[in-house]
Amino acid sequence: MEARRAPDASEWRDPKRYLWLLALAVPTLPFQAGALVAVTGQGAWWWWGPVFAFVLLPVLDHVTGEDGENPPEAVMKRLESDRYYRWCTYLYLPLQYGALIWACTRWAGGALSVGEGTGLAATTGVVAGVAINTAHELGHKRDRSERQLSRITLAQSGYGHFYVEHNHGHHIRVATPEDPASSRLGESFWRFLPRAVAGSLRSAWHLESRRLQRRGRRTWSRHNQILTAWSLTVVLFAALTTAFGPAVLPYLLLQSVLGFCLLETVNYLEHYGLLRERLADGRYERVSPRHSWNSNHTVSNLFLFQLQRHSDHHANPLRRYQTLRHFEESPQLPSGYATMIVVAWCPPLWRRIMDPRLEQHYGDLRKAHVRPAENASGTKSAPRA
């Protein structure tokens, strides 16, 4: 595998060094919504979060285009050790929880209609969904403090088991039928969503139970990382409900659901139809850049800490976002995640766009990860393209 060539190391400077701070605009979306309402007097601006994420960002992606350049290998060690990039992720947390507390003051104030309160919950849900991506970046690192911050970041969405399942399940089984977070050719997002949510939960619990059993500890104990993660959410929601009243709880639950549904939409598009071959010994081939959909669209990558360079992330999960590389052999999405999330919600449009790209990638759809067909009696038959 050969990465795209980059400028000489002696001349190279990260042209996006300070642009990564744009990602910190996401946790301020509730504040932005409140400011827009105050300036315009229009309550519709409480829905600013979805407009920002699924209207403005796709337009900016289209206007700015792609950036497929890679840092020179000679500067990778320096880039990895530069703590500035870490602080770009650390700062997400205080902004995230500051915005959540501020949203609770609005919900509890009684001045918002149900529609306006729901709009603020949707805006806060965008923050929660992107926070899972920040937790994803932090959770892969060896530094214990970063892994702890990852768990705290996940508390808002109530999806703390993601830490266990993603690191120890998804990264092992990605692009195989055993992975609940890998979508199949012909599987709509709406069919994938319940399978992914339930499957990831079951997988996380199994993995954590097995880990504790190997260490001679009880599953139902304080050592269970899933239970401790969920307890953070319970404590957080209980504290906010106690402080601001029961009126905030429905909105807290709604933003949580919207947040993890946004995550699962991203899961859906990252590996759609991609399949690792099973080798003669029964194991799957090693994960390579061919097993993840990539996107080099500049704006979405800035706001998502370069999550869209997903192929390199799976091949090298410890790499920090600023050093992730583009590979020519990776299958490419036609646009950034901000656009493709909306496309995924419309299954006919998704298949019209993505199935031909998948066929081009493999040359034969029989090599793809196909949704099991069902016969007339409802029992599953052999997969077919």
Side-chain angles (χ1 to χ4, degrees), residues 14-38 45-61 64 67 79-80 82-106 120-141 143 145-157 159 236 255 258-259 262-263 266 295 297-309 313 319-324 336-338 341:
D14 183 2
K16 295 179 284 189
R17 180 177 178 85
Y18 299 107
L19 293 178
W20 296 115
L21 291 170
L22 289 173
L24 299 179
V26 175
T28 69
L29 285 173
F31 298 129
Q32 295 175 38
L36 288 168
V37 171
W45 284 111
W46 290 115
W47 292 86
W48 170 238
V51 174
F52 175 90
F54 308 124
V55 178
L56 180 60
L57 289 189
V59 170
L60 292 175
D61 264 338
T64 59
D67 175 15
L79 266 182
E80 283 275 338
D82 189 337
R83 297 190 66 84
Y84 164 81
Y85 295 96
R86 303 186 193 189
W87 278 100
C88 289
T89 56
Y90 299 165
L91 290 173
Y92 194 100
L93 278 76
L95 293 172
Q96 168 194 354
Y97 283 106
L100 181 63
I101 293 170
W102 183 84
C104 286
T105 67
R106 301 298 95 193
L120 179 55
T123 294
T124 310
V126 172
V127 177
V130 178
I132 300 177
N133 173 59
T134 305
H136 167 264
E137 172 66 23
L138 294 168
H140 274 290
K141 303 305 175 281
D143 190 308
S145 64
E146 290 185 279
R147 298 199 303 271
Q148 295 289 3
L149 288 174
S150 174
R151 296 186 181 98
I152 294 171
T153 308
L154 290 168
Q156 179 178 347
S157 60
Y159 226 54
L236 173 65
Q255 64 85 31
L258 293 175
L262 185 55
L263 161 75
V266 171
S295 172
H297 284 77
T298 305
V299 174
S300 290
N301 264 326
L302 289 171
F303 279 95
L304 294 174
F305 294 120
Q306 210 149 233
L307 176 68
Q308 297 175 146
R309 289 195 171 181
H313 166 69
R319 273 186 181 268
R320 294 187 180 273
Y321 67 92
Q322 67 271 23
T323 61
L324 291 174
Y337 282 12
I341 286 170

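What's counted below: heavy atoms across the whole structure, side chains too, no hydrogens, waters or symmetry copies. Being a predicted model, the structure only gives us computed values, none of them experimental.
Checked by atom type and distance alone, the side chain of Glu137 pairs as donor or acceptor with a backbone atom of Tyr321 at under 3.5 Å. Gln308 contributes a side-chain N or O that, together with a main-chain N or O of His297, makes up a donor-acceptor pair within less than 3.5 Å. No donor-acceptor pair closer than 3.5 Å links the side chain of Glu80 to the backbone N or O of Thr323.
Leu258 approaches Ala121 most closely through the heavy-atom pair CD1-O, 4.1 Å. Summarising the geometry of Pro50 relative to Val126, their closest heavy-atom pair is N-CG2, 4.0 Å, with the distance given to 0.1 Å. Smallest separation of non-hydrogen atoms from Pro30 and Trp46: O-CZ3, 4.4 Å. For the residue pair Leu29 and Gly49, the shortest heavy atom distance occurs at CD1-CA, 4.1 Å. The two residues Leu138 and Glu146 have their closest heavy-atom pair at CB-O, 3.4 Å. Heavy-atom minimum distance, Val26 versus Val127: O-CG2, 3.3 Å.
Side-chain contact check for Arg86 versus Lys141: every heavy-atom pair is 4.5 Å or farther apart. Looking at Leu262 and Ile341, their side chains come closer than 4.5 Å, going by heavy atoms from C-beta outward. Using a 4.5 Å heavy-atom threshold, the side chains of Leu95 and Phe31 count as separate. Taking 4.5 Å as the limit, some side-chain heavy atom of Ile132 sits within range of a side-chain heavy atom of Leu154. Contact annotation: the side chain of Leu79 never approaches that of Arg320 to less than 4.5 Å [non-hydrogen atoms, C-beta and beyond]. Contact check for Arg17 versus Asp82: side-chain heavy atoms found under the 4.5 Å cut-off.
Side chain to side chain, Thr298 and Asp67 fail the donor-acceptor criterion of an N or O pair below 3.5 Å.
One finds the CG atom of Leu324 at 5.5 Å from the CD atom of Gln306 (value rounded to the nearest 0.5 Å). Atoms OG1 and CD, on Thr123 and Gln32 in that order, are 9.5 Å from each other to the nearest 0.5 Å.
Taking the centre of each ring, Tyr84 and Trp87 stay at or above the 6.0 Å mark.
For the ring-ring contact (aromatic ring centres under 6.0 Å, His included) criterion with Phe303, the lone passing option out of Tyr337, Tyr92, Phe52 is Phe52.
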